[in-house]
Amino acid sequence: MYKAEVLQYSTLLSIVADVNENTLNQHDELRAALSRTNDLNRLTQEYHGAIRLGTAQELATLRRMFHVLGMLPVDYYDLSVAGVPVHATAFRPVSNESLAKNPFRVFTSLLRLELIDNLELRATAERILSGRNIFTGNAIELLELAEQQGGLSSVEGAEFVSELIETFRWHSEATVDAQTFDRLQDAHRLVADVVCFRGPHINHLTPRTLDIDQAQAEMPKRGVQAKQLIEGPPRRNVPILLRQTSFKALEERIRFVADCDGAHTARFGEIEQRGSALTPKGMALYDELLSEARRAIGAEAVSYENNLKAVFKKFPDSLEDMRIQELAYFKYSAGPGYQPEHAKLLPLEDLISKGLVLADPIIYEDFLPVSAAGIFQSNLGGTEQKEFASNAAKDNFERALGSSVLDKFQLYEHSQRESLAKLGLAL
Ligand code: OOG
Ligand code: NI
């Protein structure tokens with residue numbers, strides 16, 4: 001559906017496929033490691049998408065919908081710090097088996113109208129949102145059936161998916177007149193995007209590349225206008241967390257009620273490169289270095305990148321250092337010749353140095369708030385920078401969601417521990 005809606009997205013997919021093939025052809029060791037961690041077979045699948053919701057009720061119902069698909073809310077992201085009036089979670093598979101089968105996840109934001117100062121405008125937005133229903137009647141019926149039966153048959157499941165897709169479709173007819181649209185747009189472009197349409201259109205989908213710098217260089221060559229900076233950590237020997245770039249949102253014709261035409265920018269495409277998941281200690285170091293780099297220089301592209309690289313010299317750049325200093329999570333597996341008795345005879349470090357146990361980084365499966373804000377900003381069009389008092393409101397978000405969000409560190413830690421337990425080992 002998205003390929004048909006946003007034609008440039010197909011170009012993005014072919015750039016990523018070519019870059020991945022090149023990279024794998026040049027790095028046999030990487031190919032072997034990716035196949036050990038189950039990443040090779042899921043590399044060609046879409047990694048994530050994003051939507052923006054208007055009300056607590058929409059979020060609570062969507063949580064139930066995603067639950068049927070085995071996608072659970074992980075982590076809380078406060079984007080108000082970066083001048084975007086939303087907070088968010090990511091619905092994703094959490095078990096290793098599910099992640100290996102299909103990694104697709106949806107970054108899901110909820111609009112925070114309480115951050116809009118103009119009370120009258122806030123009330124208008126609330127009234128418009130309370131009058132819409134973003135789900136089809138069949139989707140709701142199948143959801144209730146799934147909850148009663150504890151699942152769906154494959155026929156029901158297929159129908160459920162095609163009904164749910166309707167929620168994410170683009171509508172070029174706005175639900176408001178041009179004047180209302182402009183007023184909401186003035187409060188924040190994101191407010192207009194969420195409030196003025198029948199549903200939460202997918203605003204981007206994102207494939208995963210093994211070399212984002214190559215992909216970034218390739219975009220303009222194929223007629224895709226890339227965002228200026230790659231978000232996240234710099235290029236390193238050992239990739240960490242998440243690096244992202246995107247192409248600018250398309251300007252699209254829309255129609256307002258009362259028959260007049262206008263334009264709106266919402267939909268774009270994004271590319272991501274994923275690296276090691278970091279422990280709380282590693283994440284704290286990442287946050288510290290990122291703020292240091294951002295403090296030093298404004299957004300001037302070339303110098304920002306050089307400076308980022310220089311600042312990140314303080315982050316160890318070998319798998320061994322990252323493991324020994326407990327900065328990242330690892331998946332351990334048996335190397336050639338490993339026997340269960342080895343677990344009792346030698347400490348883990350010796351097993352690793354003898355090649356009896358292999359340690360591969362666990363891939364980061366989540367998002368980064370500062371990067372997400374950069375992606376939001378470059379795709380809302382305009383250069384506006386609104387200031388909101390930064391105020392994380394995780395409790396409110398979870399109340400709207402109707403459940404708590406899962407802790408990403410616990411998930412990584414669990415999968416590290418499980419891989420060791422399979423070998424009869426512990427850290
Ligand atoms: C979501 C932006 C966040 C990412 O990859 O960090 C995101 C949005 O623009 O709605 O998708
Ligand atoms: Ni994204």
Side-chain angles (χ1 to χ4, degrees), residues 2 6 8-9 12-13 16 45-54 58-59 62 66 71 73-92 103-112 134 167-168 170 188-197 199-209 212 215-216 219 226-227 229-233 240-250 252 264-275 286-287 290 363-382 384 386 397 405 408:
Y2 200 67
V6 178
Q8 279 196 329
Y9 182 60
L12 207 65
L13 289 179
V16 168
Q45 302 181 28
E46 245 113 33
Y47 234 79
H48 82 260
I51 55 167
R52 304 161 184 162
L53 300 172
E58 291 173 358
L59 180 66
L62 198 69
F66 280 143
M71 295 159 81
V74 181
D75 215 346
Y76 169 76
Y77 302 93
D78 169 28
L79 281 307
S80 69
V81 275
V84 182
V86 304
H87 45 187
T89 189
F91 290 97
R92 70 167 177 86
F104 188 66
R105 71 282 315 271
V106 181
F107 191 92
T108 303
S109 309
L110 176 64
L111 182 61
R112 294 177 71 183
I134 63 171
T167 298
F168 306 127
W170 172 248
H188 195 288
R189 297 178 67 92
L190 197 119
V191 179
D193 181 56
V194 174
V195 173
C196 302
F197 296 91
H201 36 259
I202 290 181
N203 65 52
H204 66 281
L205 288 180
T206 308
R208 174 176 164 198
T209 183
I212 198 163
Q216 172 88 343
M219 279 160 78
K227 177 178 181 310
L229 289 174
I230 294 174
E231 297 288 344
I240 50 170
L241 301 172
L242 178 64
R243 300 180 71 208
Q244 296 160 284
T245 185
S246 58
F247 66 74
K248 296 252 153 60
L250 314 175
E252 316 193 63
H264 180 57
T265 48
R267 299 181 311 151
F268 59 98
E270 183 192 51
I271 298 177
E272 64 182 26
Q273 178 176 1
R274 289 190 176 262
Y286 170 77
D287 286 337
L290 188 72
I363 292 295
Y364 187 61
E365 301 286 359
D366 295 286
F367 293 87
L368 298 169
V370 176
S371 301
I375 297 285
F376 265 107
Q377 235 119 33
S378 75
N379 283 295
L380 290 169
E384 71 183 320
K386 295 254 149 93
F397 185 83
V405 296
K408 64 180 176 206

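Atoms within each ligand, like the ligands themselves, are counted from 1 in listed order.
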Measure and list all N/O to N/O distances between ligand 1 and the protein that fall under 3.5 angstrom.
residue  : atom   : partner : partner atom : Å
ligand 1 : 5 (O)  : His48   : NE2          : 3.0
ligand 1 : 5 (O)  : Gln244  : NE2          : 2.6
ligand 1 : 5 (O)  : Glu270  : OE1          : 3.4
ligand 1 : 5 (O)  : Glu270  : OE2          : 3.1
ligand 1 : 6 (O)  : Gln244  : NE2          : 3.2
ligand 1 : 9 (O)  : Arg52   : NH2          : 2.8
ligand 1 : 10 (O) : Arg52   : NE           : 2.8
ligand 1 : 10 (O) : Arg52   : NH2          : 3.4
ligand 1 : 10 (O) : Asn203  : ND2          : 2.9
ligand 1 : 11 (O) : His204  : NE2          : 2.9

Who pairs with Ala88 by side-chain contact (heavy atoms from CB on, under 4.5 Å), at least two apart in sequence or on another chain?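 Here the qualifying residues are Tyr77, Leu79, Phe107, Ser109.
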
Can you name the closest pair of heavy atoms from Lys227 and Gly374 and give their distance?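 Heavy-atom minimum between the residues: CE-O, 3.8 Å.
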
Determine, for Phe367 and Arg274, whether the Lys NZ or Arg CZ falls below 6.0 Å from the six-membered ring centre while staying within 45 degrees of the axis.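 Yes.
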
Say whether, by atom type as modelled, one donor and one acceptor occur between the side chain of His188 and the main chain of Gly83 under 3.5 angstrom.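 It does hold such a pair.
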
Charged N to carboxylate O below 4.0 Å: is that the case for Asp75 and Arg92?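 No, Asp75 and Arg92 are not salt-bridged.
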
Should the ring pair His87 and Tyr76 be called parallel, tilted or perpendicular, given that the plane angle runs from 0 to 90° and is split at 30 and 60?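 Correct class here is perpendicular.
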
OE1 (Glu270) - the Ni ion (ligand 2) - NE2 (His204) angle, nearest 10°: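 Taking the Ni ion (ligand 2) as the apex, the two atoms subtend 90°.
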
